[in-house]
Amino acid sequence: LGMSSIEGIPLPDTALPAGISRVVFWTEMLSPHLMPYARVLASRAGVNVQVVAYQEMRVDRLRLGWTAPNLGPAEIVMRPDLNGIRRLTSTSASASVHILYGIGGWPLSRVIARELHRSKARFGVVSESAMRSDYLQPLRYVAHRLDRLRWGHAAGFVLGLGRRGVRWFEALGYPAKSLFEFGYITDPIPDVTYEMPVPGAVQLLYVGRIMKGKGLGLLLRTLAQCKDLNWRLTVVGSGSFESEFKRLATVLGVASRIAM
């Protein structure tokens with residue numbers, strides 16, 4: 001993306017490809033995980049950044065305390081219709097790069113992928129792995145593989161979230177040369193102080209939704225093998241896996257070390 005730094009962290013001295021002056025982010029919402037990239041990129045001279053979002057913030061994320069991030073000079077386009085999507089994908093085509101946040105995971109994402117492919121726009125995809133340990137996984141795999149065959153094959157690059165994300169796209173058949181490990185980044189928060197509840201204990205903290213796909217069962221089973229170590233786990237969040245999480249912690253004999 002040609003950035004010199006993210007929130008003061010220096011990055012390699014790179015530049016956007018010659019002739020590229022417009023970057024368009026397509027996303028379900030103004031996610032605090034991705035938008036700092038858009039803001040920093042928009043602050044560069046000669047770079048026009050547009051963020052196209054289906055909604056400002058999902059209701060379930062608002063309940064978790066999320067707020068829309070600062071986008072600085074980036075232009076925000078909310079929920080365009082089909083004609084608006086076509087205008088955005090065809091405008092300044094030779095000078096533009098489009099970054100699509102996932103294909104199929106949110107409303108309009110497949111429509112946008114189709115239009116990017118139809119207009120022969122230069123685009124890439126940024127996404128987490130869709131791999132889950134449930135009975136729907138075979139159907140999920142088929143759906144995403146069809147997305148690759150229909151539109152994804154035209155993506156010039158795929159930014160997979162971590163190694164798991166890259167492995168997922170490899171399994172879908174995306175060429176290895178187009179896959180890159182990527183990471184979320186968020187705005188810094190004010191300095192806070194935290195008093196250790198148990199002096200000397202290693203403090204582990206999980207903040208997020210308590211749901212099956214987050215690997216919390218694996219976390220508990222791993223910690224159960226470390227009972228001889230001095231650790232405490234604090235879990236901040238809620239979700240559909242909460243009662244099962246508590247039950248499993250009790251069965252494994254580690255509930256007394258966990259604060260919810």
Asks: Might you point out which heavy atoms bring Phe241 and Leu216 nearest each other, and give the distance in Å?
Replies: CE2-CB, 4.2 Å
Asks: How close do Ala74 and Val51 get, counting heavy atoms only, and between which atoms?
Replies: CB-CG2, 4.4 Å
Asks: Determine whether Lys214 and Tyr206 satisfy the following criterion, side-chain contact (heavy atoms from CB on, under 4.5 Å), listing intermediate values before the conclusion.
Replies: CA-CA 10 Å; Lys214 297 295 186 181; Tyr206 171 83; 3.4 Å; yes
Asks: Closest heavy-atom contact between Ser109 and Gly104?
Replies: OG-N, 2.8 Å
Asks: Any side-chain heavy atom of Val202 within less than 4.5 Å of one from Leu229?
Replies: no
Asks: Report the distance from atom CZ of Arg58 to atom CE of Met29, rounding to the nearest 0.5 Å.
Replies: 5.0 Å
Asks: Evaluate Phe157 against Phe180 for side-chain contact (heavy atoms from CB on, under 4.5 Å), listing each step before the verdict.
Replies: CA-CA 8 Å; Phe157 59 91; Phe180 302 90; 4.0 Å; yes
Asks: When you compare the side chain of Val49 with that of Glu75, does any pair of heavy atoms fall below 4.5 Å?
Replies: no
Asks: Measuring only between side-chain heavy atoms, which start at C-beta, is Ile103 closer than 4.5 Å to Arg148?
Replies: no
Asks: Look up atom CG in Leu34 and atom OH in Tyr101, then write down how far apart they are to the nearest 0.5 Å.
Replies: 7.0 Å
Asks: What closest approach, in Å, do Ala93 and Arg122 show between heavy atoms, and which atom pair accounts for it?
Replies: O-NH1, 4.2 Å
Asks: Which heavy atom in Ala130 sits nearest to a heavy atom in Gln137, and how many Å separate them?
Replies: O-OE1, 3.3 Å
Asks: Side-chain contact, heavy-atom cut-off 4.5 Å: Arg209 with Arg61?
Replies: yes
Asks: Do you see a donor-acceptor pair shorter than 3.5 Å between the side chains of Arg22 and Gln50?
Replies: yes
Asks: Can you tell if the side chain of Leu204 reaches within under 4.5 Å of the side chain of Thr234, non-hydrogen atoms only?
Replies: no
Asks: Is the positively charged end of Arg257 above the ring of Trp231, judged by distance under 6.0 angstrom from the centroid and angle within 45° of the axis?
Replies: yes
Asks: May I have all residue pairs that pass ring pair (Phe, Tyr, Trp, His ring centres under 6.0 Å) and include part of residues 54-74, sequence neighbours excluded?
Replies: His33-Trp66
Asks: Closest heavy-atom contact between Ala121 and Thr89?
Replies: CB-O, 3.9 Å
Asks: In sequence, state the C-alpha distance, the side-chain angles, and the governing distance for Met57 and Val59, and then conclude on side-chain contact (heavy atoms from CB on, under 4.5 Å).
Replies: CA-CA 6 Å; Met57 191 64 62; Val59 173; over 6 Å; no
Asks: Taking a hydrophobic cluster as the set of Ile, Leu, Val, Met, Phe, Trp and Tyr residues connected by side-chain heavy atoms closer than 4.5 Å, whether directly or through intermediates, do Leu82 and Leu100 fall within one such cluster?
Replies: yes
Asks: Would you compute the distance between atom CD1 of Ile112 and atom CD1 of Ile85 and round it to the nearest 0.5 angstrom?
Replies: 5.0 Å
Asks: Side-chain contact, heavy-atom cut-off 4.5 Å: Arg114 with Arg150?
Replies: no
Asks: Find the distance between CG (Leu88) and CZ (Arg86) and round it off to the nearest 0.5 Å.
Replies: 12.5 Å
Asks: Do the side chain of Arg145 and the main chain of Leu172 share a donor and acceptor less than 3.5 angstrom apart?
Replies: yes
Asks: Between Leu219 and Leu233, is there a side-chain heavy-atom distance shorter than 4.5 Å?
Replies: yes
Asks: Just wondering, do Lys212 and Glu244 contact through their side chains at under 4.5 Å, heavy atoms?
Replies: no
Asks: Please tell me whether Phe182 and Tyr37 form a close aromatic pair, meaning their ring centres lie under 6.0 Å apart.
Replies: yes
Asks: Evaluate the ring planes of Tyr141 and Trp168, with Trp represented by its six-membered ring, and classify them as parallel (under 30°), tilted (30 to 60°) or perpendicular (over 60°).
Replies: perpendicular
Asks: Just checking Glu56: does its CD atom have more than 12 heavy atoms from other residues, nucleotides or ligands closer to it than 6.0 angstrom?
Replies: no
Asks: Out of curiosity, Ser43 OG to Leu71 CG, how far, rounded to the nearest 0.5 Å?
Replies: 12.0 Å
Asks: Only one of Arg163, Arg167, Arg164 forms a salt bridge (Lys or Arg N to Asp or Glu O under 4.0 Å) with Glu181, so which one is it?
Replies: Arg163
Asks: Distance check, rounded to the nearest 0.5 Å: Glu115 atom CD versus Phe123 atom CZ?
Replies: 11.5 Å
Asks: Step by step, work out the side-chain contact (heavy atoms from CB on, under 4.5 Å) result for Val235 and Phe245.
Replies: CA-CA 10 Å; Val235 177; Phe245 179 86; 3.9 Å; yes
